[in-house]
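FYI, side chains are in, hydrogens and waters are out, and symmetry mates aren't considered; it's all heavy atoms of this structure.
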Amino acid sequence: MTEATACTLVTGGTGVVGQAVVRRLLATGRRVCLTYGANSTVAERLVAEAPGLVAVRADLRSLNIAQLLDKVADRAGPVEALVHAAALVDHTPVASLDAEHFAEVLTVNVTAAFALARELAKRGTLRDVVLLSSIAASIADLGSVAYTTSKGATDALTRALALHLAPVRVNAVAPGIIRSHRTDGDPLFSGPAARIPDAALVAPGAVADVVSYLLDGAPDALSGQVLGVDGGASLRRL
């Protein structure tokens, strides 16, 4: 880390993956600031669990990025690493998916990531960016047209930012279907799980471990890459 007061900003820190990432990074000794949307209950619980953790409410759809980062800097210090885990997971059928909602999904999942990385790079403290992609970038029936498009764009954004923000390292993690309270015991997910080579959905902690590796264990030469964390699910159609 660049300095003791620098922090890692985790957007979407109250989501299933976001929580795992926050806990994993705190365990490594990183100072962490998370953003959250409406889930103040989870944010408050995480802060209670980890003194020193900072939680900032933010509506990324507004793209008030400079204002958000000013608030983060005031409360948690300069940002040296960004983990964009915020996402609108969408399953709207194409016949019902209007242009406004399509744009909303891309705003949170892609445009906000770009705007955050660009503004942080301008501020001069940024060293690492990790974006959360998905195997939905290449398997088109795991979400709506908007969600699938947003994750394909995330992969392209990863490569473009790695080129244009160098020497800042920019990588992405592409999980498969995440195991959560929504998937446990749901027959909708038992079929896909059985067809994954390791016969299991992805634990949030596995994604967090890869995020932590990219921030603290990966060589400097690793940039512009999308690392799959899917148990081999992307090797075959689920």
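R169 and D220 get closest at one heavy-atom pair: CD-O, 3.4 Å. Taking each heavy atom of A81 and V79 in turn, the nearest pair found is O-CG1, 3.3 Å.
With hydrogens and angles left out, the side-chain atoms of D90 and H101 include a donor and acceptor closer than 3.5 Å. Judged purely by distance below 3.5 Å, without hydrogens or angles, the side chains of N39 and T14 never pair a donor atom with an acceptor atom. Counted by atom type alone, H91 and S144 present zero donor-acceptor pairs between their side chains at under 3.5 Å. Under the 3.5 Å distance criterion, with hydrogens and angles disregarded, a donor-acceptor pair is assigned to the side chains of R45 and Q19.
For the pair E49 (side chain) and V47 (backbone), a donor-acceptor distance under 3.5 Å is absent. Remark: side-chain polar atoms of N171 are paired, donor with acceptor, to backbone N or O of L222 under 3.5 angstrom. Remark: the backbone N or O of L25 is not paired with any side-chain donor or acceptor of S212 at under 3.5 angstrom. Side-chain N or O atoms of K71 include none that pairs as donor or acceptor with a backbone N or O of A58 at under 3.5 Å. Between the side chain of T148 and the backbone N or O of V145, no donor-acceptor pair lies under 3.5 Å.
With sequence neighbours excluded, the residues forming a side chain to side chain contact (heavy atoms under 4.5 Å, CB included) with T107 are L63, listed by chain and number.
A salt bridge does not link D216 with R24: every distance from a Lys NZ or Arg NE/NH1/NH2 to an Asp or Glu carboxylate oxygen is 4.0 Å or more. Ion pair E80/R31 not flagged as a salt bridge, since none of the NZ, NE, NH1 or NH2 atoms sits closer than 4.0 Å to an Asp/Glu carboxylate oxygen.
Atoms OG and CG, from S150 and D155 in turn, are 10.0 Å apart once rounded to the nearest 0.5 Å. The distance from the CG atom of L34 to the OG1 atom of T8 is 12.0 Å, given to the nearest 0.5 Å. Separation of atoms CG (N109) and OG1 (T149) is listed at 10.5 Å; rounding is to 0.5 Å. With values rounded to the nearest 0.5 angstrom, L60 atom CG is found 5.0 Å from T35 atom OG1. Note: D128 CG to L165 CG = 11.5 Å, rounded to the nearest 0.5 Å.
Residue R61 qualifies as open at atom CZ: its count of foreign heavy atoms under 6.0 Å is 12 or below. Shown here is Q67, whose CD atom has no more than 12 heavy atoms of other residues, nucleotides or ligands within 6.0 Å.
Under a hydrophobic-cluster definition in which Ile, Leu, Val, Met, Phe, Trp and Tyr are linked whenever side-chain heavy atoms come within less than 4.5 Å, directly or via other members, I178 and V83 are assigned to the same cluster.
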Y147 vs L88, test: side chain to side chain contact (heavy atoms under 4.5 Å, CB included). Steps then yes/no.
CA-CA 8 Å; Y147 184 74; L88 290 181; over 6 Å; no
